[in-house]
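Remarks on the structure that follows.
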Amino acid sequence: MTNQAVAEKLVDGPPEAGHDSERNRSTMSRYNFLEAEAKWQAAWSARNCFASTVDPTRPKYYVLEMFPYPSGRIHMGHVRNYTMGDVVARYKRAKGFNVLHPMGWDAFGLPAENAARDQKIHPASWTYDNIANMRAELKRMGLALDWSKELATCHPGYYEHQQRIFLDFFQAGLAYRKEAFVNWDPIDQTVLANEQVIDGRGWRSGAPVEKRKLSQWFLKITDYAEDLLQALGGLDRWPEKVRLMQENWIGKSTGAHVRFKLVGRDDRIEVFTTRPDTLFGASFIAVSPDHAIAEEAAKADPRAAAFIAECRAAGTSEAAVEAQEKRGHKLAIEAEHPLMPGKTLPVYIANFVLIEYGTGAIFGCPAHDQRDLDFARKYDLTVTPVVLPHGEDAQTFAVADVAYTDDGTIYNSGFLDGLDSESAKKKAGAKLKEQGDGAPTTIFRLRDWLVSRQRYWGCPIPIIHCEACGPVAVPAKDLPVRLPDDVTFEKPGNPLDHHPSWKHVACPTCGKAARRETDTFDTFVDSSWYFARFCSPRDEQPVDRAAVDYWLPVDQYIGGVEHAILHLLYSRFFARAMKKVGHLSLDEPFAGLFTQGMVCHETYRDPATGDWLLPEQVERRGTQMVRADTGGAIETGRSEKMSKSKKNVVAPDVIIDGYGADTARWFVLSDSPPERDMEWTAAGVEGAWRFAQRLWRLCFLWLEAHPGIVAATLPDTMSDAATALRRASHKAIAGVSDDIEKFRFNRAVARIYEFANALGEVAEGDLADPAGLFARREALTTLAQLIGPMMPHLAEEMWASLGHRTLLAETAWPEADPVLIIDDQATVAIQVNGKLRATIQLPRDCDRQVAETRALAEEAVIRAMDGKAPKKVVVVPNRIVNVVV
RNA sequence: GCGGGCGUGGCGGAACUGGUAUACGCACACGACUUAAAAUCGUGAGCCGUUAGGCAUACGGGUUCGACUCCCGUCGCCCGCACCA
């Protein structure tokens, strides 16, 4: 069945829902979500409900979901993400906050160029068409977004300011050009930042990356390494997991640099170590195959060159690395031990030393490092223990195949003897510094951020290269540097570089012929500051200080955990760098972060062909899953993240056409906790749809049976029945509010079900007196308000049916009456020796003695006590009485 | 290997700060309405047992009047990082 056919079939109900004859016979019509949702979306739009302006007299709340890449269609992950954000936005607005909730497009990137190449569509028109389509899909979700602040990073009105910010960074020394080994992605034909290499492969293409030496632009994120690390401690509304991942990525290590003199030479080898306390146990020096010393050796020694080539060929990817044997090539160089006069150490090129960490060279201390030990055993090097574990005897302690890597007492180590590891580290560091052979140091794993990409569809780097003047900033009056439209994508490599004229310009400084930078920015640059641009998206400056000072930080940011390092770390850096050059006043852009789980679905496969099948190609016959077309058996696989490759996808627009936006929103919020993965099922959607219909029916039937509800006012006296209903309403308010505050949307959904169930139990003829009508009115009003953030269209429909002329979207959140959320009776569990024997009703906060007496009088309690006298009675007021015998 | 998370009915999950385990939903069964079905409404249900009761929150211990919750150990699953010196 095509999507269109499904949509037509589902226009007014779920599959195989009601027949027309039945609907005609019914006294009430079914809730028509298609009509209602369009109506209320138009009403919100006409009233401009969700537009936000700076207003320092009101408390602000900035809710942001990670903006989407305009691939063309929204997927269920978007639906889940944006629904959660929308619940928060609508709730906070109702709670009186001035809410900023914008939407935009992360619009640069390689897929547009691939589309250009494959379908002969210009990246710009491909992108803008996709945006138009996705915007329409998002609008149908009924999101409380301020569309007047929409932005797209591919628009010159956005990237112009990015170029300004970059030039500010350049001037402040935060951006620089450097020749370095870079990660080259042979498929995407561009370089990648360290963070974008996963298991030795490009994050997007999946191709094994190659090392190339190129001159590229970097941003000085390492200037902020310490601060980015320290400030994690203050991000108390971030998931612990994300903070840990960033901490590991930044990778701070304290230790020392040690510079070893080389026998008969003037230069030295510098190593980094976290264990200067083990220096006396050194038995060799090892350098990376990419180290300068290794390269030098390769020129003179073909065997060294061969070894290096072998190491590079082995690659650095995947589990193969783990199994890889420690191997080395001995050089004709000896190093002098700085703390042991006369002692020299052999120098090796070793396959396990990484050029990108520390200095690309180490000293080997086999007794106290497993890798060094493996290496030493292979090449028959000395193993001298210098750290004695607590409780071991110096005479008998020996290292065989397992290195001792913990702390202990230092021995065999000259002036360090007798010290504990910590003190020895300090003393060794101080001694090295005194001798000029090294110094205590702290290093970071974090590297500077490589932002050059050899691509067309990105923000041009606003630099002109001049033979005489070097790299020169494009003057402000010439910004933006626009992308040329007339480019071709047939040739591999960078289309901007291939363009016949674009790069040829005069040097702004000396006027001589010069060349434009043809690299564009990594698209993570675009997304590193969009949250700030949203505060004043049309301003002539990158940001309007008054606006960002009012709106930032983002109070609640919501997105996928896959951005835990890349995007979130870059954005934290950008905030600091933008502060340094005067655009912002704060360091941390996101005060609160929530990472939502993925949307999963079962997978289906045809065992005959091995092809994956779409959920709509499959149907259930009894307990068997079969192909809808042929009836052939299929294999049902485990539930996995929805993905095009496994075809376990359900398109949001089909669901919205068939069941409405409210149903889709309700379903993604129900059942699974938001931080966990959720399972998309047809039955679940239908359950949500049925509930929406049930709410509408409940409201309609009550109003039909009791027209007095609409005008009901608070009467002088309350009946018990009315008070009971009022309690249910106020408990629901208190519970749902608390759940939304704590991001427990699935619990809020469950509470609303319970509340609706309670209303459903009210008999038709009951509560027809003034008190009852008032309680009924309050209940329906409460129901509409509580579902408001989740099913906003149905909520408006109910709200209007209760006689309101205002929009629920502009109505304050209800307050729970504290008197009504506490019962005057408590159900108390009675235990004997911790086992439940009875439950009894007691007046709330009754005397302990009363509780005890009542408990001991219970028949089941007496039976369980078996004639024994109570040794002790534990009374927890309003909860439990435990009789210990 | 290092770091983190998780383990509760047939399924998704709830249970606040240690106080009635299994809320709520899905699926299921039965009943009502119907010529019939769908939709809707109602009822039931952790397991064993006729009842009394017993046993159950991955497994084994511990602390406590009382443990899904805290502590120790074991097993399993998931995620991140990884030759990081």
Side-chain angles (χ1 to χ4, degrees), chain A residues 13-14 16-19 22-23 26 30 198-199 239-245 247-249 251 253 255 271-275 278 286 316 319 321-322 324 326 350-354 356-365 368-372 374-375 443-445 561-562 564-565 639 667 670-673 675-679 681-688 690-691 693-694 697 738 742 744 746-757 760 827-840 860 863-864 870-885:
Chain A
E16 283 84 52
H19 291 262
E22 165 62 23
R23 210 173 295 146
S26 170
R30 183 169 281 191
I198 319 283
D199 288 339
E240 182 65 24
K241 177 189 164 87
V242 174
R243 288 187 292 175
L244 265 161
M245 284 168 73
E247 189 180 321
N248 291 339
W249 187 263
S253 296
V271 308
F272 173 77
T273 178
T274 55
R275 296 296 302 269
T278 65
T316 53
V321 169
E322 201 172 335
Q324 206 172 307
K326 310 267 174 293
N351 65 345
F352 67 93
V353 181
L354 305 174
E356 57 269 11
Y357 189 77
T359 61
I362 60 158
F363 81 81
C365 177
H368 305 292
D369 183 289
Q370 193 58 48
R371 293 158 302 181
D372 297 348
D374 295 346
F375 191 82
I443 66 159
F444 294 88
R445 202 181 80 120
V561 73
E562 65 273 19
I565 294 170
S639 182
F667 178 55
S670 61
D671 291 352
S672 295
E675 69 280 6
R676 242 185 267 180
D677 291 352
M678 68 164 289
E679 165 101 19
T681 61
V685 182
E686 281 173 28
R690 279 200 299 270
F691 184 62
Q693 294 294 342
R694 198 173 123 210
R697 211 162 39 236
D738 190 43
K742 291 177 177 154
R744 297 189 306 197
N746 58 319
R747 189 73 186 80
V749 164
R751 268 189 221 278
I752 290 169
Y753 271 112
E754 286 177 284
F755 181 45
N757 289 347
T827 307
V828 176
I830 313 300
Q831 301 175 335
V832 177
N833 287 340
K835 286 196 175 179
L836 182 70
R837 296 299 167 182
T839 56
I840 59 173
R863 205 182 317 131
K871 279 189 211 149
K872 180 173 165 188
V873 180
V874 180
V875 179
V876 181
N878 305 321
R879 283 193 182 275
I880 223 159
V881 177
N882 188 11
V883 183
V884 186
V885 294

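The analysis underlying the following values was restricted to heavy atoms, covering all of them including side chains, and did not include hydrogens, waters or symmetry mates. Here is the naming used below: chain letters follow the sequence lines, and residue numbers restart at 1 for every chain.
Between the CZ atom of A/R676 and the C1' atom of B/G4 there is a distance of 15 Å, rounded to whole Å. Here the C1' atom of nucleotide B/A85 and the CD1 atom of A/I443 are 8 Å apart, to the nearest Å. In this structure, CG of A/N878 is placed 15 Å from C1' of B/C16, rounded to the nearest angstrom. B/C79 atom C1' lies 13 Å from atom CG of A/N248, rounded to whole Å. Between A/R445 atom CZ and B/C83 atom P there is a gap of 9 Å when expressed in whole angstrom units. Distance CD1 (A/I362) to P (B/A85): 11 Å, rounded to an integer number of Å. In this entry the distance linking CZ of A/F444 with P of B/C84 reads 19 Å, nearest Å.
Within the structure, a side-chain polar atom (N or O) of A/R837 is placed less than 4.0 Å from OP1 or OP2 of B/G54. Distances shown here put a side-chain N or O of A/S253 below 4.0 Å from the OP1 or OP2 atom of B/A85. Between A/R697 and B/C41 there is a side-chain N or O to OP1 or OP2 distance below 4.0 Å. Remark: A/R690 is in phosphate contact with B/A27, judged by side-chain N or O atoms under 4.0 Å from OP1 or OP2. Put simply, A/Y753 has no side-chain N or O that comes within less than 4.0 Å of OP1 or OP2 on B/G25. Between A/R751 and B/G25 there is no side-chain polar atom (N or O) within less than 4.0 angstrom of OP1 or OP2. Residue A/N757 places at least one side-chain N or O under 4.0 Å from the OP1 or OP2 atom of B/G25. Distances shown here put a side-chain N or O of A/R371 below 4.0 Å from the OP1 or OP2 atom of B/C84. A sub-4.0 Å separation between OP1 or OP2 of B/C83 and a side-chain N or O of A/N351 is absent. Checking the phosphate oxygens (OP1, OP2) of B/A67, no side-chain nitrogen or oxygen of A/K835 falls inside 4.0 Å.
Rounded to the nearest Å, the gap between the C1' atom of B/G80 and that of B/A45 is 42 Å. A distance of about 11 Å separates the P atoms of B/G19 and B/C70, rounded to the whole Å. Rounded to the nearest Å, the gap between the P atom of B/A67 and that of B/C16 is 15 Å.
At the heavy-atom level, A/V561 lies nowhere under 4.0 Å from the strands shown. Using a 4.0 Å heavy-atom criterion, one finds that A/T273 contacts the sugar-phosphate atoms exclusively. A/N882 comes within 4.0 angstrom of a nucleotide base, judged by non-hydrogen atoms across all strands. Contact annotation for A/V884: backbone-only contact, meaning every heavy-atom pair under 4.0 Å involves sugar-phosphate atoms and none involves a base.
A/D671 contributes atom CG, which lies 12.0 Å from atom CZ of A/R676 (distance to the nearest 0.5 angstrom).
The side chain of A/R744 lies closest to B/A15, out of B/A15, B/C83, B/C41. The nucleotide whose nearest atom lies closest to any side-chain atom of A/A683 is, among B/G19, B/C83, B/A27, B/A27. Nearest to the side chain of A/P673, among B/G12, B/A14, B/A85, sits B/A14. Nearest to the side-chain atoms of A/K872 among the listed nucleotides B/G12, B/C65, B/A23 stands B/C65.
A/R243 and A/E240 are joined by a salt bridge, as a carboxylate oxygen and a charged side-chain nitrogen come within less than 4.0 angstrom of each other.
Map A/Q831 and A/R275 each onto its nearest nucleotide of RNA chain B; the residue landing nearer the 5' end is A/Q831. Each of A/D677 and A/R863 has a nearest nucleotide on RNA chain B; the 5'-most of these lies closest to A/D677.
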